[in-house]
Chemist: 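Before I ask anything, here is the structure I am working with.
Each chain gets a letter, A, B and so on, in the order its sequence line appears, and its residues count up from 1.
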Number of protein chains: 2
Amino acid sequence: MLKIGELAALASVSRDTLRFYEKHGLITPGERSGAGYRLYSETDVHRISFIIGAKEVGFTLNEIHQLLELEVTKDEKSCYDIKQFVDAKISIVNQRLAEIKRIKKSLQTLSSACCGGDEPATHCTILEALSEQTN
Amino acid sequence: MLKIGELAALASVSRDTLRFYEKHGLITPGERSGAGYRLYSETDVHRISFIIGAKEVGFTLNEIHQLLELEVTKDEKSCYDIKQFVDAKISIVNQRLAEIKRIKKSLQTLSSACCGGDEPATHCTILEALSEQTN
DNA sequence: ATAAACCCTAGAGCATGGTCTAAGGTCAAA
DNA sequence: TTTGACCTTAGACCATGCTCTAGGGTTTAT
Ligand SMILES: [Zn+2]
Ligand SMILES: [Zn+2]
Ligand SMILES: [Zn+2]
Ligand SMILES: [Zn+2]
């Protein structure tokens, strides 16, 4: 059984983060010591690992919430269900990717149209372009 | 001179958004009517256009703040300065892009390792992988 | 025995970019 | 004249993911 600071060190997160995850229902640490200290079991450690792993691949806490539900009921779920979930996330990520690429392109277009010289920017095509709405 | 609702309609933003921008120093509408209504000049309209244009290419409000300072002092600034600013943003965008690509790859790796079948997910490689920290 | 290091709670605060509400004043048309 | 559409303010609220503070109690080492 680990105390919060021990788990925090193990998982490389802050104690506050662990309490935050608990408050938001991501972990439900069972036991408390006589003094009311949280005590984390092996299962809890595994759960934290899961959360951190899921964060690392870009899931939001909300999504991790749903993933954890899939995880704890994994004998009632199929691989199909889990894979679907991941694939749905991939398509969200693809949308973000497309948006950022769009932004990058716009910025590159702006940048390459500008002479980048020493003269006053009164004629700068970047400043001009920004005030022309495409809408 | 436009009232706030008129400018809002023109710029396709809400009245609240315009007041929000003002509160955060992005616009500084000069005049008020007798009843205390904000009155926007041609210059203000141009400024709003600029803000919206800059938002469209992905600048944050904070960055737009800085851009506006460049814009109003553009006779003291050079194209070099402006282009530098845009190029700095491009490198921020590139970092975000790299991070999202990393996430996408991780998710794809997860997805493709899963059989996606109908059997119980007790053996699912996705769930397994998520609880294995790379750290 | 006392100080450092740890634990607890509730709740505020941060950054981002707004949106909405309450409680009021103003202006135009019917 | 009264309704509705517009305007004002200050401040609360949304999501996201923490981080920090205040004001306590506990444990451990010296
Ligand atoms: Zn130039
Ligand atoms: Zn230029
Ligand atoms: Zn399978
Ligand atoms: Zn699977």
Chemist: Output the rounded distance in Å from CG (B:Leu39) to P (D:dC6).
Modeler: 16 Å
Chemist: Check whether any side-chain N or O of B:Arg15 sits under 4.0 Å from OP1 or OP2 of D:dC7, and answer yes or no.
Modeler: yes
Chemist: Could you give the NE2-to-C1' distance, from A:His24 to D:dT16, as a whole number of Å?
Modeler: 9 Å
Chemist: For a quick check of understanding: with a heavy-atom distance under 4.0 Å over all strands, which category does A:Ser14 fall into, base, sugar-phosphate or nothing?
Modeler: sugar-phosphate
Chemist: For B:Arg19, answer base if it contacts any base atom (sugar-phosphate contacts may also be present), sugar-phosphate if it contacts only those atoms, and nothing otherwise; contact means non-hydrogen atoms under 4.0 Å.
Modeler: base
Chemist: Which whole-number value in Å describes the distance from A:Leu2 CG to D:dT27 P?
Modeler: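 To the nearest whole Å, that distance equals 17 Å.
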Chemist: Which whole-number value in Å describes the distance from A:Ile48 CD1 to D:dC18 P?
Modeler: 11 Å
Chemist: Which nucleotide in the list C:dT9, D:dG25, D:dT19 gets nearest to the side chain of A:Tyr37?
Modeler: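 The listed nucleotide nearest to A:Tyr37's side chain is D:dG25.
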Chemist: Between A:Thr17 and D:dT19, is there a contact of a side-chain N or O with OP1 or OP2 at under 4.0 Å?
Modeler: yes
Chemist: Side chains of B:Ser78 and B:Asp81 only: does a donor on one sit below 3.5 Å from an acceptor on the other?
Modeler: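 On atom types as modelled, these side chains qualify, holding a pair under 3.5 Å.
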Chemist: A:Thr73 side chain to A:Glu76 main-chain N or O, any donor-acceptor pair under 3.5 Å?
Modeler: no
Chemist: Does B:Glu31 come within less than 4.0 Å of B:Arg38, counting only side-chain N to carboxylate O?
Modeler: no
Chemist: Is any side-chain heavy atom of A:Arg19 closer than 4.5 Å to one of A:Ile27?
Modeler: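 The answer is no; the side chains never approach within 4.5 Å.
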Chemist: Mapping A:Lys23 and A:Ala35 onto DNA chain D by nearest heavy atom, which one lands closer to the 5' end?
Modeler: A:Lys23
Chemist: So do the side chains of A:Val86 and B:Gln108 get within less than 4.5 Å of each other, counting heavy atoms only?
Modeler: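 They are not in side-chain contact.
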Chemist: Atom CZ of B:Arg38 and atom P of C:dT26: how far apart are they, to the nearest Å?
Modeler: 16 Å
Chemist: Go through C:dC7, D:dC20, C:dC20 for me and flag the one nearest to the A:Ile4 side chain.
Modeler: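 For the A:Ile4 side chain, the nearest candidate turns out to be C:dC7.
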Chemist: In whole angstrom, give the distance that lies between atom CD of B:Glu22 and atom P of D:dT8.
Modeler: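 In whole Å, D:dT8 P and B:Glu22 CD are 9 Å from each other.
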Chemist: Between the protein and nucleotides 15-17 of chain C, list every N/O to N/O distance that falls short of 3.5 Å.
Modeler:
unit_1 : atom_1 : unit_2  : atom_2 : d
C:dG17 : OP2    : B:Leu61 : N      : 3.3

Chemist: Which of these nucleotides, C:dC6, C:dG18, D:dT8, is closest to any side-chain atom of B:Arg32?
Modeler: D:dT8
Chemist: With ring pair (Phe, Tyr, Trp, His ring centres under 6.0 Å) as the rule and sequence neighbours excluded, what pairs involving residues 23-47 of chain B come up?
Modeler: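 Residue pairs passing ring pair (Phe, Tyr, Trp, His ring centres under 6.0 Å), neighbours aside: B:Phe20-B:His24.
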Chemist: Can you hop from B:Ile92 to A:Ile103 via hydrophobic side chains spaced under 4.5 Å?
Modeler: no
Chemist: Expressed as a whole number of angstroms, how long is the span from A:Ile52:CD1 to D:dC18:C1'?
Modeler: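 Nearest whole value for this atom pair: 14 Å.
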Chemist: Roughly, in whole Å, what's the span from OH in B:Tyr40 to C1' in D:dT8?
Modeler: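 Rounding to the nearest Å, OH of B:Tyr40 and C1' of D:dT8 are 12 Å apart.
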Chemist: Which one, D:dT26, C:dC7, C:dC27, comes nearest to the side chain of A:Lys3?
Modeler: C:dC7
